[in-house]
Amino acid sequence: MPHHPNLDAEMAAALAADPPPPTVLDGLPYEELAALRAERAAQPVAPPADGVVVTDHRLPGPTPLRVRTYRPRTAGSDTLPCLVWLHGGGMVLGSPEMDDARVSAYALEAACSVVSVDYRLAPEHPYPAPVEDCYRALRWTADQAELLRIDAGRLAIGGISAGGGLAAATALLARDRGGPEPVFQFLLCPMLDDHNSTGSSREFAEAVTWPRANNLYGWAALLGPLTGSEEVPPYAAPARATDLSGLPPAYVDVGELEVFRDECARYALRLIEAGVSTEFHLWPGAFHGFDGVLPHLTLPRRAAREQIAVLRRALGKASSRPESRGSGAPS
């Protein structure tokens, strides 16, 4: 288990006693990903919180797409704000079920509905399939607001890791296609930049979770022959967008000890420079996905409380935003 001198002491002790099993993607043939996905799907995950109604929906259309909805049982027929949520997994792994506990807690504690998207994964479905699935789910959620008993004027887009990057990309697509208009972007340690050239991208060749090699693997699977070229569009890698104006207000967080640190900090600053109201949180001594790996420790609990507070504030009322503008050509 890699040890960094800045690693939070309580988390370091917990990791030393019970290290998480590593996910090693470097060198894994693409044809073996299906077996890895099945292995991970068979592992037990925390169930949804009590008091949340969970329902799966199959969206109509030419390609299969499942979304998983979460709604507080006590909400009855009330109209609730809604978070469209995108899971992590480096663009190649993951499913809505892995976030059952997280998003059902959001639903209960932020008094909202959640629509979690089972987007298609690379490399079988490279760009633009994943982000198009996410945008399609956002549109479906807005269009089905009455059926879902949600307020389409209080719709947020969010995700973690790869899902955070897809959430940022979906916000760009929604702006440039004229809607739907989310009132908020909820971006947890988002995967934003395919260049992999920042200091933190190079620093964490070894990491508690998600080292540099895994990140390179995920981007290569998503982008295929586009990888490393100037042809990568901002809807694949949001850090490439030259114009971030007209986007919804944002919350961006990231750990101090992860490959995404610098690209997230830069993206948050660029959002602010573009006139987008943005809150940025760098968690000291934290590694990628720390709040999911060690949820009961002090720093992860603090991060979870902050996430709930952010969602409650963002979804409490509808927001007004400046008129949208285009994203510009990739930089």
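- Of all heavy-atom pairs between Arg136 and Pro60, the closest is NH2-O, 2.8 Å.
- A salt bridge links Glu97 with Arg68: the closest approach of a Lys/Arg side-chain nitrogen to an acidic carboxylate oxygen falls below 4.0 angstrom.
- The two residues Ser200 and Asp262 make their nearest non-hydrogen contact at N-OD2, 2.8 Å.
- Of all heavy-atom pairs between Ala122 and Ala221, the closest is CB-O, 3.4 Å.
- The line from CZ of Phe287 to CH2 of Trp210 is 15.0 Å long, rounded to the nearest 0.5 Å.
- Annotation: side-chain contact (heavy atoms from CB on, under 4.5 Å) contacts of Ala167 (sequence neighbours excluded): Leu86, Ile157, Leu187.
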Worked check of salt bridge (charged side-chain N to carboxylate O under 4.0 Å, His left out) between Glu203 and Arg261: CA-CA 10 Å; Glu203 179 180 356; Arg261 182 193 65 209; 3.4 Å; yes

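- In this model, a donor atom of one side chain and an acceptor atom of the other lie less than 3.5 Å apart for Glu10 and Thr298.
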Working for side-chain contact (heavy atoms from CB on, under 4.5 Å), residues Val67 and Asp56: CA-CA 6 Å; Val67 300; Asp56 287 326; over 6 Å; no

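- Here the side chain of His4 pairs a donor or acceptor atom with the backbone of Asn6 at under 3.5 angstrom.
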May I have the list of side-chain donor-acceptor pairs in residues 303-310 shorter than 3.5 Å, sequence neighbours left out?
unit_1, atom_1, unit_2, atom_2, d
Gln307, OE1, Arg102, NH1, 3.3
Gln307, OE1, Tyr106, OH, 2.6
Gln307, NE2, Asp291, OD2, 3.1

ring-ring contact (aromatic ring centres under 6.0 Å, His included) assessment of Tyr119 paired with His87: CA-CA 9 Å; Tyr119 58 86; His87 66 78; 4.3 Å; yes

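- Hydrophobic clustering, with ILVMFWY side chains joined whenever heavy atoms are under 4.5 angstrom apart, keeps Met98 apart from Leu294.
- Contacts of Glu146 classified as side-chain contact (heavy atoms from CB on, under 4.5 Å), with partners at least two apart in sequence or in another chain: none.
- Judged purely by distance below 3.5 Å, without hydrogens or angles, the side chains of Ser113 and Arg149 never pair a donor atom with an acceptor atom.
- Glu206 is not listed as a side-chain neighbour of Phe204, based on a closest heavy-atom distance of 4.5 Å or more.
- For Gly158 against Leu83, the heavy-atom pair with the smallest separation is N-CD1, 3.7 Å.
- Judged by distance alone, the side chain of Arg66 and the main-chain N or O of Leu59 form no donor-acceptor pair under 3.5 Å.
- Checked for salt-bridge contact, Arg202 and Glu263 miss the test: no charged N lies under 4.0 Å from a carboxylate O.
- Not a single side-chain contact (heavy atoms from CB on, under 4.5 Å) links Val45 to another residue, sequence neighbours left out.
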Verdict with reasoning, Leu121 to Val92, per side-chain contact (heavy atoms from CB on, under 4.5 Å): CA-CA 5 Å; Leu121 299 174; Val92 297; 5.6 Å; no

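- Side chain of Glu256 to backbone of Gly285: a donor-acceptor contact under 3.5 angstrom is found.
- When all heavy atoms of Val183 and Gly153 are compared, the closest pair comes out as CG1-O, 3.2 Å.
- Taking hydrophobic clusters as Ile, Leu, Val, Met, Phe, Trp and Tyr residues chained together by side-chain heavy-atom distances below 4.5 Å, Leu192 shares a cluster with Leu173.
- Put simply, the side chain of Leu247 does not reach to within 4.5 Å of the side chain of Pro182, judged on heavy atoms.
- Under the 3.5 Å distance criterion, with hydrogens and angles disregarded, no donor-acceptor pair is assigned to the side chains of Arg154 and Thr79.
- For the side-chain hydrogen bond (donor to acceptor under 3.5 Å, both in side chains) condition, the pairs that include at least one residue of residues 16-28, sequence neighbours left out, are Thr23-Arg40.
- Looking only at distances, no side-chain donor or acceptor of Ser161 sits under 3.5 Å from a matching main-chain atom of Gly88.
- Both Val276 and Val254 belong to a common hydrophobic cluster when Ile, Leu, Val, Met, Phe, Trp and Tyr are linked at side-chain heavy-atom distances under 4.5 angstrom.
- Side-chain atoms of Asn196 do not come within 3.5 Å of backbone N or O of Leu216 as any donor-acceptor pair.
- Contact check on Asp50 versus Arg73 returns no salt bridge, with no Lys/Arg side-chain nitrogen under 4.0 Å from an Asp/Glu carboxylate oxygen.
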Stepwise salt bridge (charged side-chain N to carboxylate O under 4.0 Å, His left out) test for Arg139 and Glu132: CA-CA 10 Å; Arg139 286 211 65 94; Glu132 289 291 351; over 6 Å; no

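- For the residue pair Ala46 and Ala101, the shortest heavy atom distance occurs at CB-CB, 3.6 Å.
- Using bins of under 30°, 30° to 60° and over 60° for the plane-to-plane angle, the ring pair His288/Phe260 lands in the perpendicular bin.
- Two rings, from Tyr30 and Tyr217, have their centers less than 6.0 Å apart.
- We find that Arg37 and Glu124 are joined by a salt bridge, their nearest charged nitrogen and carboxylate oxygen being less than 4.0 Å apart.
- At distances below 3.5 Å, at least one donor-acceptor pair connects side-chain atoms of Ser229 with backbone N or O atoms of Glu231.
- Looking at Tyr267 and Asp193, their side chains never bring a donor and an acceptor atom within 3.5 Å of each other.
- Note: His281 and Trp283 have parallel aromatic rings, judged against thresholds of 30 and 60 degrees for the angle between ring planes.
- Thr69 places a side-chain N or O within donor-acceptor distance of the main-chain N or O of Thr55, the cut-off being under 3.5 Å.
- Side-chain contact check for Asp100 versus Pro47: every heavy-atom pair is 4.5 Å or farther apart.
- Salt-bridge check for Glu258 with Arg212: failed, with every basic side-chain N at 4.0 Å or more from each acidic carboxylate O.
- Residues passing the side-chain contact (heavy atoms from CB on, under 4.5 Å) test with Leu269 are Glu273, sequence neighbours excluded.
- Open room surrounds CZ on Arg302; 12 or fewer heavy atoms of other groups in view lie less than 6.0 Å from it.
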